[in-house]
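These notes are about the structure you will find just below.
Hydrogens, waters and symmetry mates are skipped; everything else that's a heavy atom, side chains included, is used. Naming: A, B, ... by sequence-line order, numbering from 1 per chain.
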Protein chains: 2
Amino acid sequence: MPRRAPDAATTPPARATIGDVAREAGVHPSTVSRALNPATRSMLSEAVALRVADAAQRLGYRASALAAGLRTRRSRTIAILVPDLVNPIFPPIVRAAEIRLAEAGYATLVANTDNDPAREEWLVSRMAEHLVDGLLLASVAQGSSALALAARFAIPAVLVNRRLPGSTAPAVTNDDRAGIALAVRHLLDLGHTRIGHLAGPAGVSTATDRRAGFRSALRAAGIDPATAPILAAGAYSAPAGLAATTALLDAHPTLTAIVCANDMLCLGAYDAIAARGLAVGRDISVTGFNDMPFVDRICPPLTTVRIQHAEMGRSAAEMLLEEITRPGGTRRDLRLGPTLVVRGSCAGGPGRALGAAAPRPPIPHPRGA
Amino acid sequence: MPRRAPDAATTPPARATIGDVAREAGVHPSTVSRALNPATRSMLSEAVALRVADAAQRLGYRASALAAGLRTRRSRTIAILVPDLVNPIFPPIVRAAEIRLAEAGYATLVANTDNDPAREEWLVSRMAEHLVDGLLLASVAQGSSALALAARFAIPAVLVNRRLPGSTAPAVTNDDRAGIALAVRHLLDLGHTRIGHLAGPAGVSTATDRRAGFRSALRAAGIDPATAPILAAGAYSAPAGLAATTALLDAHPTLTAIVCANDMLCLGAYDAIAARGLAVGRDISVTGFNDMPFVDRICPPLTTVRIQHAEMGRSAAEMLLEEITRPGGTRRDLRLGPTLVVRGSCAGGPGRALGAAAPRPPIPHPRGA
DNA sequence: TTGTAAGCGTTATCAT
DNA sequence: ATGATAACGCTTACAA
């Protein structure tokens, strides 16, 4: 008697199993397995392999990844954890990683941690339960247990964009100190002397590295970093940038330039500056970091530090693939070089005439409801 | 003899299984299963449940989702397929869905189809193999097999943002026709009569619905739609928008306003208009669709049709959860109402003086490299 | 309240 | 070259 639900008429046709295919092809299930696995197909006679492929096709057979994974302990799946999907720097990174991983036969799953360590932990656990073959972590911050969990479950992991100081995990990040130095140098060259830094949230490597870079760039220029105000935003977001910039300008009204730790913060800085009736670029210069999509179109276009989004995703994927094939083989810490993109958000400092090359002072647009 | 790899010293501690926990707690594996499953814990004596929980904790036990799924045919996981992660309208939708699904205990996986039907098909198959419990599809277009595959594998699926005409699948979309009518009405009220439509790519419901909406809005205003030029872009992207707008203006140089099928296209339209030495808002008015993040900050700020991103994600998640518990229960087709957000990209038409309420003509900023 | 045993759909290791 | 068999780790009737 064929196994069948009582209400077979309404029940969707049960998914074909390897046994069904075997029966259809008149062979043993293990033969089906061999025929459908490219690595083992060569063991079989041409005729049988073809017959099995045919039967599988007819039944629309798809191997159960669960059953297979249970045996092989592999899922041909990679998860990538991002802290905030709304921040447009991540999609390009994800996309590049995805392309490289797909070439290697891996499906890429993106999960959003929302900058919440608890959620991150939950997600890594879920991924571990599902036996993902590797983890690309763009979300780690100090105190994050993602890396420890990955190690615990023996899941290869590679850090992207953010490092974790003290960790030995492979990582692909930006040279954040060099990047910020580019921005500071640019401002100094324009004649600014009262420069503040809008730092990123505590515990995130991009925040601490860029903050350190800010201070050392100033020092390298013969300026005492102690005289340059630094204020950390609560998050890499526009609202946090708005609040922090307001506080920064309240405390230091003579500032003529602000170096922001990332582009999202700049958006808030723009708002804060506009709220004071000042114009970005004319009254106060602002620099960003990341050159995320769309900042070339905001008003005024943002002068920012461009990072190699695609290269970052691609090489992180590459590193993860290596790590999967030879665990612990290459514990590399790759730092990608940033460049400065000069647009319209910086002008000459006080007491210095605007040169011909300086951008036209922007007229702010009314922002509708 | 305990099962142990020969080089136990260097091998990571094998992941604890339910058997390990059972041994540790001095009970049978099935008891462990019951103790750890909230739904069955009540069958057990308090003491045993506690002892098991303790043992599990000590061993860092995590149930294998694969083994469990193999039995239960469920994974407590939902996948959401988006056509293009770089388009900022999707993250807010994803985020809202994620929140609702997490409440129900589901992990949400995002996958990027890249607008590639083959990749979409591949991803759905992979998701099916991994027994995702449901699919949120933001990626479907005409000829897309995602829905058929989902049905084939009996995976509940809900469409988001894009409909599939002729399909009976539950869907949460915008009232695209009404949305475009808002934009057209606004332009007509400003005095424009030579209005063109930059349509979306073929086969996508948002494109066809908005195109139809454009024509009927014109007709409702007593204008013959045949006199209004329509050109379809090859994709919902800035480059496609640039190319299409250039072609549209070449063919119809007297146009004073362009209704774009979405915001990404507007970005390209801005570029095309600037390339002709014209100013958006002053010489040519432009409207968008979606009110995606950042278009309030571009130059000039975009007048666009706002959709309910969060509500869309939330109610799609809700619908999917219903569909999972009662398959085929509610075949609903929810249309969310759009609103118009007036910003700075539209001005009065030719021969009509700019009223006091009209936006200041924008001065374009130079876009640095 | 807890133990027993069968089975989910594969693949790997034996035989033949 | 193919078939038989035994796991993989879990859940769930059913038995006790």
Inset, instruction - Note the angle between the end axes of the helix from C:dT1-D:dA16 to C:dT16-D:dA1, five pairs defining each, rounded to 10 degrees. - result: 40°
Legend entry - NZ/NE/NH1/NH2 to OD/OE distance under 4.0 Å, B:D54 and B:R51: no
Inset, instruction - Go through residues 59-70 of chain B and report each residue with a non-hydrogen atom lying under 4.0 Å from DNA chain C, sorted by number. - result: B:L70
Inset, instruction - Could you list all the salt bridge (charged side-chain N to carboxylate O under 4.0 Å, His left out) pairs where at least one residue sits in residues 135-148 of chain B, not counting sequence neighbours? - result: none
Legend entry - Sequence neighbours excluded - salt bridge (charged side-chain N to carboxylate O under 4.0 Å, His left out) pairs with any residue from residues 62-78 of chain B: A:E129-B:R62
Legend entry - Qualifying residues under side-chain hydrogen bond (donor to acceptor under 3.5 Å, both in side chains), relative to A:S64, sequence neighbours excluded: none
Legend entry - Heavy-atom neighbours of B:Q57 CD exceed 12 at 6.0 Å: no
Inset, instruction - Give the rounded distance in Å between these two atoms: CZ of A:R41 and P of D:dT2. - result: 14 Å
Inset, instruction - Can you sort out the partners of B:D333 under salt bridge (charged side-chain N to carboxylate O under 4.0 Å, His left out), two or more places apart, ordered by chain and number? - result: B:R335
Inset, instruction - Output every pair passing salt bridge (charged side-chain N to carboxylate O under 4.0 Å, His left out) with a member in residues 156-165 of chain A, not counting sequence neighbours, ordered by first then second residue. - result: A:R163-A:D209
Legend entry - Contact list for DNA chain D against residues 42-51 of chain B - heavy-atom distance below 4.0 Å: none
Legend entry - Any residue meeting side-chain hydrogen bond (donor to acceptor under 3.5 Å, both in side chains) with A:T77, in chain and number order, not counting sequence neighbours: B:H130
Inset, instruction - Check salt bridge (charged side-chain N to carboxylate O under 4.0 Å, His left out) between A:E46 and all other residues, then give those that pass, not counting sequence neighbours. - result: none
Legend entry - Along DNA chain C (nearest heavy atom to each residue), the more 5'-positioned of B:P29 and B:R73: B:P29
Legend entry - Heavy-atom side-chain proximity of A:V140 to A:E120 below 4.5 angstrom: yes
Legend entry - Within 6.0 Å of CD in A:Q142, more than 12 heavy atoms from elsewhere: no
Inset, instruction - Can you tell me the distance, in whole Å, between the CG atom of B:L131 and the P atom of C:dG9? - result: 10 Å
Inset, instruction - Determine which pairs satisfy salt bridge (charged side-chain N to carboxylate O under 4.0 Å, His left out) with at least one residue from residues 29-39 of chain B, sequence neighbours left out, and list them in order. - result: none
Quick test: give all pairs of protein nitrogen or oxygen and nucleotides 12-14 of chain C nitrogen or oxygen below 3.5 Å, distance rounded to 0.1 Å.
unit_1	atom_1	unit_2	atom_2	d
C:dA12	O4'	A:R71	NH2	2.9
C:dT13	O4	A:R34	NH1	3.4

Legend entry - Residue pair B:F90 / B:N161, side-chain heavy-atom distance below 4.5 Å: yes
Legend entry - Interatomic distance where CD1 belongs to B:I18 and P belongs to D:dC8 [whole Å]: 14 Å
